[in-house]
Amino acid sequence: MITGKNGRGSEAPDGSAFRVPLYRTSFTGNEARYVMDCIETGWVSSTGGYVARFEREFAKYIGVKAATSSSNGTTALHLALLACGIKPGDEVIVPDLTFAATAEAVMHASAKPIIADIDPETLNILPQSVAQKITRKTKAVIPVHLYGRPAPMHEIMEIAERHGIMVIEDAAEAHGAMIGRKKAGAIGHIGVFSFYGNKIMTTGEGGMVVSNDEGAISRAALLKNHGMRKDRRYWHEILGFNYRLTNLQAALGIAQLEKAEEKIALKRKLAANYARMLAPLAAAGTLQLPSEEKGTRNVHWLYWLMAGNPSHQERICASLDSRMIEYRRFFYPLSMMPPFRCRGMKNSIGVYKKGFCIPSFPEITLEEQETVVSAIESAVRTNPY
Ligand SMILES: *Cc1c(COP(=O)(O)O)cnc(C)c1O
């Protein structure tokens with residue numbers, strides 16, 4: 001759940017407020033000023049100067065030639081798939097461990113999500129599994145930078161080039177994550193972001209499609225605006241959608257972008273704090289912590305932990321519950337759920353029963369982090385593994 005900077009907690013299972021919520025939005029910059037400007041000038045819908053400016057500045061931040069905004073990350077994925085020419089019956093490879101939108105968008109494009117396994121250390125899609133799933137019908141793969149850690153893009157790009165398929169990066173959880181000098185979203189053929197309330201940058205609801213292929217971005221822009229030509233109003237060239245972002249949302253987005261690097265620095269700091277405080281439990285083999293590959297930048301959207309086995313996870317979660325600390329278990333593997341059901345993957349099924357995310361909002365205090373860690377330590381102490 002999301003809470004404001006006024007510090008009111010989200011709802012605990014018993015109806016009271018969480019002592020430490022999982023996420024808390026923070027509007028610490030020019031948000032109110034820019035939104036007020038929209039209201040005062042009357043530009044509240046999707047026309048208005050902030051939309052184009054947000055697209056331009058976001059593209060510059062990610063390091064791509066072009067970007068087009070959309071109403072949320074899921075519609076951004078749908079637009080990216082269509083802009084890449086994904087057609088009914090095509091196969092698109094997705095990781096088993098992700099938010100459902102990754103596979104949902106593939107199905108809304110009338111294509112078939114083919115589920116690949118993940119790496120149990122990084123939680124990201126496993127290149128060997130992608131290679132195994134490629135058939136004559138495969139047209140694209142969607143690596144997800146899960147919980148802010150960059151996916152293995154070098155390996156994925158190499159496989160994609162070998163087989164002539166498109167790479168659509170789902171960077172919804174990884175604003176500002178990097179591999180070398182490139183940002184997540186700028187490495188594949190096309191990249192997608194979400195600006196949902198608990199993401200690293202938020203516009204309430206919102207999304208963005210980015211690419212160095214300007215043609216792909218114009219196709220996405222045409223599709224999101226009813227297929228209506230820019231130079232001929234009310235002439236609909238193709239069947240489209242209304243997937244537009246509003247000027248109000250873009251105003252929020254620009255203010256959030258101004259603070260993005262500051263927030264990422266805070267997130268990396270809180271991750272370093274957790275890593276330091278939990279180091280003894282990690283050394284004892286009681287917990288597995290997220291890591292960072294050399295030469296990459298993990299932005300730790302959500303800081304996660306993995307217990308040694310499912311019953312240890314249960315004990316730790318019960319301890320967090322009893323102290324009113326919010327946590328979230330890993331996503332259910334797609335392969336388990338009715339819309340996407342298929343034969344389960346070994347690694348994703350293994351990790352989802354052991355993993356959970358702990359409070360990771362940028363402004364978390366050291367005292368709040370200590371509260372979280374002591375709840376975990378007490379669960380481990382009273383029930384030694
Ligand atoms: C949040 C998210 C999305 C979807 O974004 P919405 O803006 O909520 O539609 C897609 N993929 C991943 C991995 C996400 O975390």
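As the structure is a prediction and not an experimental result, all values here were calculated from the model. Ligands are counted one by one from 1 in listed order, and the atoms in each one are counted from 1 as well.
A salt bridge does not link Lys263 to Glu363: none of the charged nitrogens lies less than 4.0 Å from a carboxylate oxygen.
Ligand 1 has a nitrogen or oxygen under 3.5 angstrom from a nitrogen or oxygen of Ser194. Backbone and side-chain nitrogen or oxygen atoms of Phe195 are examined, and none is located within less than 3.5 angstrom of a nitrogen or oxygen of ligand 1. Considering both main-chain and side-chain atoms, Trp301 never comes within under 3.5 Å of ligand 1 through any nitrogen or oxygen pair. Ligand 1 has no N or O atom lying under 3.5 Å from any N or O atom of Tyr196, backbone or side chain.
With hydrophobic clusters built from ILVMFWY side chains whose heavy atoms lie under 4.5 angstrom apart, Met153 does not share a cluster with Phe193.
Ranking the protein heavy atoms by distance from atom 15 (O) of ligand 1 puts Glu173 OE2, 2.5 Å first. In terms of protein heavy-atom proximity, atom 14 (C) of ligand 1 is closest to Lys199 NZ, 3.2 Å. Counting only heavy atoms of the protein, atom 4 (C) of ligand 1 lies nearest to Thr74 OG1, 3.6 Å. Of the protein's non-hydrogen atoms, the one nearest atom 11 (N) of ligand 1 is Asp170 OD2, 2.8 Å.
Nearest heavy atom pair, residue Leu266 against residue Pro362, reads CB-O, 3.5 Å. Taking all atoms of both residues into account, the shortest heavy-atom contact from Ser348 to Asp96 is OG-OD2, 2.6 Å. Minimum heavy-atom separation, Val92 to Ala111: CG2-CB, 4.3 Å.
Ligand 1 places these atoms under 4.0 Å from at least one heavy atom of Val144: 13 (C). Close approach to Ala101 involves these atoms of ligand 1, each under 4.0 Å from a residue heavy atom: 4 (C), 10 (C). Ligand-side atoms of ligand 1 in range of Asn72: 7 (O), 9 (O), range being under 4.0 angstrom from any heavy atom. Near Thr98, the atoms of ligand 1 lying under 4.0 angstrom from a non-hydrogen atom of the residue are 13 (C).
Among Trp301, Tyr196, Phe195, Tyr61, the single residue meeting the ring-ring contact (aromatic ring centres under 6.0 Å, His included) criterion with His175 is Phe195.
For the pair Arg329 and Phe356, the cation does not sit on the ring face, since its NZ or CZ is not both under 6.0 Å from the ring centre and inside 45° of the axis. Within the cation-pi definition used here (under 6.0 Å to the ring centroid, within 45° of the axis), Arg323 does not qualify as a partner of Phe18.
The aromatic rings of Tyr34 and Tyr50 sit tilted, their planes meeting at an angle between 30° and 60°.
Not a single heavy atom of His145 sits under 4.0 Å from any atom of ligand 1.
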